[in-house]
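Computed from a predicted model, the values in this text were never measured in an experiment. Values below: every heavy atom of this structure, side chains too, minus hydrogens, waters and symmetry copies. Proteins get letters first, then strands, A, B, ... in listed order; numbering begins at 1 in each.
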Protein chains: 2
Amino acid sequence: MIDSTTTSTTATGTNTTATAPLAQERFTISEVAALTGLSAHTLRWYERIGLMPHVDRTHTGQRRFTRRDLDWLAFVGKLRLTGMAVADMVRYAELVREGSHTHDQRRAILEGTRDDVVARIAELQDALAVLDRKIDHYGTICGGTPS
Amino acid sequence: MIDSTTTSTTATGTNTTATAPLAQERFTISEVAALTGLSAHTLRWYERIGLMPHVDRTHTGQRRFTRRDLDWLAFVGKLRLTGMAVADMVRYAELVREGSHTHDQRRAILEGTRDDVVARIAELQDALAVLDRKIDHYGTICGGTPS
DNA sequence: TACTTGCTTGGAGTGCACTCCAACCTTTTA
DNA sequence: TAAAAGGTTGGAGTGCACTCCAAGCAAGTA
(Lines give C-alpha, C1' and ligand atoms only; values in the text may rest on other atoms or scores of the structure.)
Protein backbone atom coordinates (compact mmCIF):
# COMPACT_ATOMS: atom_id res chain seq x y z
CA MET A 1 0.00 0.00 0.00
CA ILE A 2 2.88 2.37 0.72
CA ASP A 3 5.85 2.87 -1.53
CA SER A 4 8.24 2.66 1.42
CA THR A 5 11.70 2.05 0.14
CA THR A 6 13.48 1.29 3.33
CA THR A 7 15.69 4.29 3.82
CA SER A 8 18.18 2.09 5.59
CA THR A 9 20.03 4.89 7.25
CA THR A 10 20.31 4.47 10.99
CA ALA A 11 20.02 1.70 13.51
CA THR A 12 18.62 2.98 16.76
CA GLY A 13 16.87 5.92 18.26
CA THR A 14 15.02 8.75 16.63
CA ASN A 15 16.60 9.01 13.24
CA THR A 16 14.62 11.83 11.65
CA THR A 17 17.00 12.23 8.76
CA ALA A 18 16.41 15.80 7.75
CA THR A 19 16.08 14.97 4.07
CA ALA A 20 13.63 12.10 4.47
CA PRO A 21 9.96 12.84 3.87
CA LEU A 22 7.82 12.85 6.99
CA ALA A 23 5.83 9.90 5.73
CA GLN A 24 8.85 7.71 6.25
CA GLU A 25 9.52 8.50 9.88
CA ARG A 26 10.30 5.38 11.84
CA PHE A 27 9.64 4.82 15.51
CA THR A 28 11.20 2.43 17.99
CA ILE A 29 8.97 0.29 20.15
CA SER A 30 9.52 2.50 23.19
CA GLU A 31 8.66 5.61 21.20
CA VAL A 32 5.44 3.97 20.08
CA ALA A 33 4.76 2.90 23.66
CA ALA A 34 5.13 6.50 24.79
CA LEU A 35 2.96 7.79 21.95
CA THR A 36 0.15 5.28 22.34
CA GLY A 37 0.16 4.60 26.07
CA LEU A 38 0.49 0.89 25.37
CA SER A 39 3.43 -0.98 26.87
CA ALA A 40 6.19 -2.38 24.68
CA HIS A 41 5.08 -5.78 25.95
CA THR A 42 1.60 -5.17 24.67
CA LEU A 43 2.85 -3.93 21.32
CA ARG A 44 4.87 -7.13 20.82
CA TRP A 45 1.90 -9.15 21.95
CA TYR A 46 -0.37 -7.37 19.46
CA GLU A 47 2.03 -8.30 16.69
CA ARG A 48 2.30 -11.91 17.84
CA ILE A 49 -1.47 -12.44 17.85
CA GLY A 50 -1.93 -10.80 14.47
CA LEU A 51 -3.42 -7.50 15.57
CA MET A 52 -0.71 -5.52 13.78
CA PRO A 53 0.21 -5.57 10.12
CA HIS A 54 3.79 -6.70 9.65
CA VAL A 55 6.06 -4.26 11.43
CA ASP A 56 9.24 -3.42 9.57
CA ARG A 57 12.63 -4.30 11.11
CA THR A 58 16.15 -2.90 11.06
CA HIS A 59 18.97 -5.10 9.82
CA THR A 60 19.53 -6.15 13.44
CA GLY A 61 15.94 -7.23 13.89
CA GLN A 62 14.56 -4.32 15.88
CA ARG A 63 11.09 -3.05 15.11
CA ARG A 64 10.62 0.25 13.35
CA PHE A 65 7.02 1.44 13.34
CA THR A 66 5.74 3.77 10.65
CA ARG A 67 3.21 6.55 10.91
CA ARG A 68 0.78 4.19 9.25
CA ASP A 69 1.33 1.75 12.10
CA LEU A 70 0.55 4.54 14.54
CA ASP A 71 -2.67 5.30 12.69
CA TRP A 72 -3.66 1.67 12.88
CA LEU A 73 -2.86 1.57 16.59
CA ALA A 74 -4.96 4.67 17.13
CA PHE A 75 -7.88 2.97 15.45
CA VAL A 76 -7.33 -0.23 17.44
CA GLY A 77 -7.31 1.94 20.54
CA LYS A 78 -10.76 3.21 19.63
CA LEU A 79 -11.99 -0.33 19.10
CA ARG A 80 -10.52 -1.25 22.46
CA LEU A 81 -12.43 1.61 24.08
CA THR A 82 -15.64 0.22 22.66
CA GLY A 83 -15.05 -2.94 24.67
CA MET A 84 -14.61 -5.04 21.56
CA ALA A 85 -12.88 -8.34 22.28
CA VAL A 86 -9.29 -8.62 21.13
CA ALA A 87 -10.14 -11.76 19.17
CA ASP A 88 -12.68 -9.76 17.17
CA MET A 89 -10.14 -7.06 16.47
CA VAL A 90 -7.77 -9.74 15.21
CA ARG A 91 -10.53 -11.00 12.94
CA TYR A 92 -10.98 -7.48 11.64
CA ALA A 93 -7.24 -7.11 11.09
CA GLU A 94 -7.21 -10.36 9.14
CA LEU A 95 -9.97 -9.06 6.89
CA VAL A 96 -7.97 -5.91 6.27
CA ARG A 97 -4.99 -8.01 5.25
CA GLU A 98 -7.13 -10.10 2.93
CA GLY A 99 -7.88 -7.09 0.78
CA SER A 100 -10.71 -4.94 -0.39
CA HIS A 101 -13.08 -7.79 -1.19
CA THR A 102 -13.73 -8.08 2.55
CA HIS A 103 -15.24 -4.61 2.87
CA ASP A 104 -18.73 -5.90 3.50
CA GLN A 105 -17.62 -8.19 6.30
CA ARG A 106 -15.60 -5.42 7.86
CA ARG A 107 -18.51 -3.03 7.75
CA ALA A 108 -20.73 -5.72 9.31
CA ILE A 109 -18.26 -6.15 12.20
CA LEU A 110 -18.11 -2.41 12.75
CA GLU A 111 -21.87 -2.09 12.64
CA GLY A 112 -22.23 -4.86 15.20
CA THR A 113 -19.74 -3.08 17.39
CA ARG A 114 -21.57 0.18 16.96
CA ASP A 115 -24.80 -1.47 18.09
CA ASP A 116 -23.02 -2.83 21.14
CA VAL A 117 -21.69 0.63 21.94
CA VAL A 118 -25.10 2.22 21.63
CA ALA A 119 -26.57 -0.42 23.93
CA ARG A 120 -23.72 0.02 26.40
CA ILE A 121 -24.22 3.77 26.49
CA ALA A 122 -27.89 3.21 27.27
CA GLU A 123 -26.98 0.80 30.08
CA LEU A 124 -24.54 3.29 31.53
CA GLN A 125 -27.06 6.10 31.37
CA ASP A 126 -29.56 3.92 33.19
CA ALA A 127 -27.01 3.03 35.85
CA LEU A 128 -26.08 6.70 36.09
CA ALA A 129 -29.68 7.60 36.87
CA VAL A 130 -29.76 5.01 39.67
CA LEU A 131 -26.47 6.32 41.01
CA ASP A 132 -27.69 9.90 40.93
CA ARG A 133 -30.85 8.99 42.80
CA LYS A 134 -28.83 7.17 45.42
CA ILE A 135 -26.34 9.98 45.82
CA ASP A 136 -29.17 12.43 46.13
CA HIS A 137 -30.71 10.18 48.77
CA TYR A 138 -27.50 10.19 50.79
CA GLY A 139 -27.26 13.93 50.38
CA THR A 140 -30.73 14.70 51.71
CA ILE A 141 -31.90 11.92 54.03
CA CYS A 142 -28.69 10.57 55.53
CA GLY A 143 -30.23 7.77 57.50
CA GLY A 144 -32.48 5.79 55.24
CA THR A 145 -32.71 2.16 54.28
CA PRO A 146 -29.60 0.01 54.40
CA SER A 147 -28.76 -0.27 50.76
CA MET B 1 -37.53 -8.02 36.42
CA ILE B 2 -38.99 -9.18 39.70
CA ASP B 3 -42.35 -10.85 39.63
CA SER B 4 -44.04 -10.26 42.95
CA THR B 5 -46.17 -13.41 43.02
CA THR B 6 -43.58 -16.12 42.82
CA THR B 7 -43.23 -18.24 45.90
CA SER B 8 -46.03 -18.77 48.36
CA THR B 9 -45.69 -22.56 48.30
CA THR B 10 -41.99 -23.07 47.87
CA ALA B 11 -42.16 -26.31 49.75
CA THR B 12 -38.93 -26.46 51.66
CA GLY B 13 -38.40 -25.29 55.13
CA THR B 14 -39.53 -22.53 57.39
CA ASN B 15 -41.78 -20.69 55.01
CA THR B 16 -44.77 -19.30 56.87
CA THR B 17 -46.98 -19.63 53.76
CA ALA B 18 -50.32 -18.05 53.03
CA THR B 19 -50.87 -16.05 56.19
CA ALA B 20 -47.44 -14.40 56.10
CA PRO B 21 -47.10 -10.81 54.94
CA LEU B 22 -45.50 -10.30 51.55
CA ALA B 23 -42.46 -8.78 53.17
CA GLN B 24 -41.50 -12.23 54.42
CA GLU B 25 -41.49 -14.02 51.10
CA ARG B 26 -38.48 -16.28 50.84
CA PHE B 27 -36.72 -17.35 47.67
CA THR B 28 -34.50 -20.33 46.97
CA ILE B 29 -31.15 -19.81 45.31
CA SER B 30 -32.44 -21.05 41.96
CA GLU B 31 -35.42 -18.72 42.14
CA VAL B 32 -33.08 -15.83 42.79
CA ALA B 33 -30.86 -17.00 39.94
CA ALA B 34 -33.86 -16.95 37.62
CA LEU B 35 -34.99 -13.55 38.86
CA THR B 36 -31.61 -11.84 38.70
CA GLY B 37 -29.95 -13.59 35.79
CA LEU B 38 -27.00 -14.43 38.00
CA SER B 39 -26.01 -18.08 38.36
CA ALA B 40 -26.45 -19.91 41.65
CA HIS B 41 -22.68 -20.27 41.64
CA THR B 42 -22.26 -16.53 41.43
CA LEU B 43 -24.80 -15.92 44.19
CA ARG B 44 -22.89 -18.24 46.53
CA TRP B 45 -19.66 -16.59 45.49
CA TYR B 46 -21.10 -13.12 46.20
CA GLU B 47 -21.98 -14.28 49.70
CA ARG B 48 -18.57 -15.82 50.27
CA ILE B 49 -16.70 -12.66 49.33
CA GLY B 50 -18.94 -10.45 51.42
CA LEU B 51 -20.97 -8.83 48.68
CA MET B 52 -24.25 -10.00 50.21
CA PRO B 53 -25.59 -9.27 53.68
CA HIS B 54 -26.05 -12.47 55.64
CA VAL B 55 -28.55 -14.64 53.80
CA ASP B 56 -31.02 -16.44 56.01
CA ARG B 57 -31.06 -20.27 56.10
CA THR B 58 -33.61 -23.02 56.65
CA HIS B 59 -33.05 -25.46 59.50
CA THR B 60 -31.30 -27.73 56.97
CA GLY B 61 -28.91 -25.01 55.91
CA GLN B 62 -30.41 -24.00 52.58
CA ARG B 63 -30.44 -20.34 51.67
CA ARG B 64 -33.67 -18.39 51.70
CA PHE B 65 -33.38 -14.95 50.12
CA THR B 66 -35.72 -12.14 51.11
CA ARG B 67 -37.15 -9.36 48.99
CA ARG B 68 -34.63 -7.09 50.63
CA ASP B 69 -31.88 -9.37 49.32
CA LEU B 70 -33.37 -9.07 45.85
CA ASP B 71 -33.37 -5.28 46.13
CA TRP B 72 -29.74 -5.35 47.16
CA LEU B 73 -28.88 -7.64 44.24
CA ALA B 74 -30.69 -5.31 41.86
CA PHE B 75 -28.57 -2.43 43.12
CA VAL B 76 -25.40 -4.50 42.90
CA GLY B 77 -26.42 -5.33 39.34
CA LYS B 78 -26.51 -1.62 38.54
CA LEU B 79 -23.09 -1.14 40.09
CA ARG B 80 -21.84 -4.05 38.02
CA LEU B 81 -23.16 -2.39 34.87
CA THR B 82 -21.16 0.70 35.70
CA GLY B 83 -18.00 -1.39 35.46
CA MET B 84 -17.24 -0.95 39.15
CA ALA B 85 -14.76 -3.55 40.40
CA VAL B 86 -16.20 -6.28 42.60
CA ALA B 87 -13.68 -5.45 45.32
CA ASP B 88 -15.08 -1.90 45.45
CA MET B 89 -18.62 -3.20 45.69
CA VAL B 90 -17.50 -5.39 48.60
CA ARG B 91 -16.04 -2.30 50.24
CA TYR B 92 -19.35 -0.52 49.77
CA ALA B 93 -21.23 -3.50 51.22
CA GLU B 94 -18.95 -3.46 54.25
CA LEU B 95 -19.73 0.19 54.82
CA VAL B 96 -23.44 -0.57 54.64
CA ARG B 97 -23.00 -3.25 57.28
CA GLU B 98 -21.05 -0.88 59.50
CA GLY B 99 -24.03 1.38 59.88
CA SER B 100 -25.24 4.85 59.14
CA HIS B 101 -22.09 6.61 60.29
CA THR B 102 -20.48 5.55 57.01
CA HIS B 103 -22.89 7.55 54.84
CA ASP B 104 -20.27 10.05 53.78
CA GLN B 105 -17.84 7.38 52.67
CA ARG B 106 -20.57 5.58 50.78
CA ARG B 107 -21.63 8.72 49.01
CA ALA B 108 -18.00 9.40 48.12
CA ILE B 109 -17.67 5.95 46.56
CA LEU B 110 -20.85 6.43 44.58
CA GLU B 111 -19.75 9.86 43.41
CA GLY B 112 -16.45 8.46 42.27
CA THR B 113 -18.27 5.76 40.39
CA ARG B 114 -20.60 8.30 38.84
CA ASP B 115 -17.62 10.29 37.60
CA ASP B 116 -16.18 7.13 36.08
CA VAL B 117 -19.47 6.42 34.35
CA VAL B 118 -19.71 9.92 32.94
CA ALA B 119 -16.16 9.62 31.63
CA ARG B 120 -16.85 6.20 30.18
CA ILE B 121 -19.95 7.47 28.39
CA ALA B 122 -17.85 10.24 26.87
CA GLU B 123 -15.25 7.71 25.73
CA LEU B 124 -17.90 5.55 24.17
CA GLN B 125 -19.47 8.46 22.38
CA ASP B 126 -16.10 9.41 21.01
CA ALA B 127 -15.46 5.85 19.85
CA LEU B 128 -18.96 5.78 18.39
CA ALA B 129 -18.17 8.83 16.28
CA VAL B 130 -15.03 7.14 14.93
CA LEU B 131 -16.99 4.00 14.21
CA ASP B 132 -19.71 5.92 12.41
CA ARG B 133 -17.18 7.72 10.26
CA LYS B 134 -15.53 4.43 9.37
CA ILE B 135 -18.82 2.71 8.59
CA ASP B 136 -19.84 5.64 6.45
CA HIS B 137 -16.51 5.39 4.69
CA TYR B 138 -17.09 1.72 3.88
CA GLY B 139 -20.60 2.54 2.75
CA THR B 140 -19.60 5.21 0.28
CA ILE B 141 -16.06 4.66 -0.89
CA CYS B 142 -15.60 0.90 -0.68
CA GLY B 143 -11.99 0.81 -1.69
CA GLY B 144 -10.09 3.19 0.49
CA THR B 145 -7.16 2.92 2.78
CA PRO B 146 -6.39 -0.33 4.54
CA SER B 147 -7.52 0.42 8.04
C1' DT C 1 37.44 -2.68 27.64
C1' DA C 2 33.64 -2.35 30.56
C1' DC C 3 29.31 -0.61 31.28
C1' DT C 4 24.76 1.01 30.19
C1' DT C 5 20.76 1.23 27.46
C1' DG C 6 17.54 -0.68 24.58
C1' DC C 7 15.99 -4.21 22.04
C1' DT C 8 14.97 -9.49 20.93
C1' DT C 9 12.46 -14.14 21.99
C1' DG C 10 9.27 -18.01 23.89
C1' DG C 11 7.03 -19.02 27.57
C1' DA C 12 5.39 -18.43 32.20
C1' DG C 13 2.76 -15.63 35.55
C1' DT C 14 -1.00 -12.29 37.10
C1' DG C 15 -5.55 -10.44 38.35
C1' DC C 16 -10.21 -10.41 37.58
C1' DA C 17 -14.76 -12.37 37.60
C1' DC C 18 -16.61 -15.90 37.42
C1' DT C 19 -17.54 -21.17 36.61
C1' DC C 20 -17.32 -25.74 37.61
C1' DC C 21 -16.30 -30.09 40.30
C1' DA C 22 -16.81 -33.87 43.61
C1' DA C 23 -18.79 -35.53 47.39
C1' DC C 24 -22.44 -35.21 50.13
C1' DC C 25 -27.22 -34.10 52.30
C1' DT C 26 -32.55 -33.36 52.36
C1' DT C 27 -36.92 -33.48 50.57
C1' DT C 28 -40.25 -34.82 47.15
C1' DT C 29 -42.06 -37.95 43.77
C1' DA C 30 -42.85 -42.73 41.75
C1' DT D 1 -37.90 -48.04 49.19
C1' DA D 2 -35.71 -46.03 45.24
C1' DA D 3 -34.78 -42.43 42.41
C1' DA D 4 -34.88 -37.65 41.15
C1' DA D 5 -34.49 -32.90 42.14
C1' DG D 6 -32.44 -29.46 44.40
C1' DG D 7 -29.43 -27.85 47.87
C1' DT D 8 -24.52 -27.62 50.57
C1' DT D 9 -19.16 -26.97 50.75
C1' DG D 10 -14.00 -25.88 49.70
C1' DG D 11 -11.21 -25.70 46.24
C1' DA D 12 -9.77 -26.07 41.51
C1' DG D 13 -10.33 -24.53 36.70
C1' DT D 14 -11.40 -21.08 32.85
C1' DG D 15 -10.94 -17.18 29.66
C1' DC D 16 -9.43 -12.78 28.94
C1' DA D 17 -6.01 -9.25 28.41
C1' DC D 18 -2.27 -8.36 29.53
C1' DT D 19 2.46 -8.45 32.14
C1' DC D 20 6.69 -10.12 33.25
C1' DC D 21 10.97 -13.05 33.04
C1' DA D 22 15.48 -14.82 31.72
C1' DA D 23 18.88 -15.04 28.56
C1' DG D 24 20.90 -12.92 25.06
C1' DC D 25 22.34 -9.46 21.22
C1' DA D 26 23.72 -4.72 19.37
C1' DA D 27 25.08 -0.03 19.75
C1' DG D 28 26.73 4.02 22.28
C1' DT D 29 29.59 6.07 26.15
C1' DA D 30 33.54 6.61 29.87
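The nearest whole Å value for the distance from the CD atom in A:Glu31 to the P atom in C:dT5 is 17 Å. Put simply, CZ on A:Arg57 is 12 Å from P on C:dC7, counting in whole angstrom units. Atom pair A:Gln62:CD and C:dG6:P shows a separation of 11 Å (rounding to whole Å applied). For the pair B:Ile29 CD1 and C:dT27 C1', the computed distance is 17 Å after rounding to whole Å. Rounded to a whole Å, the CD1 atom of A:Ile49 is 11 Å from the P atom of D:dC16. Atom-to-atom, CZ of B:Arg64 to P of D:dG6 comes out at 13 Å; the value is rounded to the nearest Å. For the pair A:Glu47 CD and C:dC7 C1', the interatomic distance rounds to 13 Å; values are reported in whole Å.
For D:dT8, neither phosphate oxygen OP1 nor OP2 lies less than 4.0 angstrom from any side-chain nitrogen or oxygen of B:His59. Distances shown here put a side-chain N or O of B:Thr28 below 4.0 Å from the OP1 or OP2 atom of D:dG7. Contact annotation: A:Arg63 reaches the phosphate of C:dT8 (side-chain N/O to OP1 or OP2, under 4.0 Å).
A donor-acceptor distance shorter than 3.5 angstrom exists from the side chain of B:Glu31 to the backbone of B:Thr28, with no hydrogens or angles considered. Under a 3.5 Å cut-off, the side chain of B:His41 and the backbone N or O of B:Leu38 do not form any donor-acceptor pair.
The stretch residues 112-128 of chain B has no heavy atom under 4.0 angstrom from DNA chain C at all.
Contact check on B:Asp104 versus B:Arg107 returns a salt bridge, with a Lys/Arg side-chain nitrogen under 4.0 Å from an Asp/Glu carboxylate oxygen. Salt bridge status for A:Arg120 with A:Glu123: present, with a side-chain N to carboxylate O gap under 4.0 Å.
Hydrophobic clustering (side-chain heavy atoms under 4.5 Å, transitive across Ile, Leu, Val, Met, Phe, Trp, Tyr) keeps A:Val118 apart from B:Leu81.
Between A:Ser30 and B:Ala85, the residue anchored nearer the 5' end of DNA chain C, judged by the nucleotide with its closest heavy atom, is A:Ser30.
By the 30° and 60° cut-offs, the orientation of the rings of B:Tyr92 relative to A:Tyr138 is perpendicular.
Residue pairs satisfying the salt bridge (charged side-chain N to carboxylate O under 4.0 Å, His left out) criterion with at least one member in residues 73-84 of chain A, sequence neighbours excluded, are listed as follows: A:Lys78-B:Asp126.
Among C:dT27, D:dT8, C:dC7, the nucleotide with an atom closest to any side-chain atom of B:Thr60 is C:dT27.
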Are any protein N/O atoms closer than 3.5 Å to N/O atoms in nucleotides 18-24 of chain C? If there are, list each pair with its distance.
{"unit_1": "C:dC18", "atom_1": "OP1", "unit_2": "B:Arg80", "atom_2": "NH1", "d": "3.3"}

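At a threshold of 4.5 Å between non-hydrogen side-chain atoms, the residues A:Val96 and A:Thr102 do not count as touching.
Residues B:Arg64 and B:Val55 approach most closely at O-CG1, 3.8 Å, considering heavy atoms.
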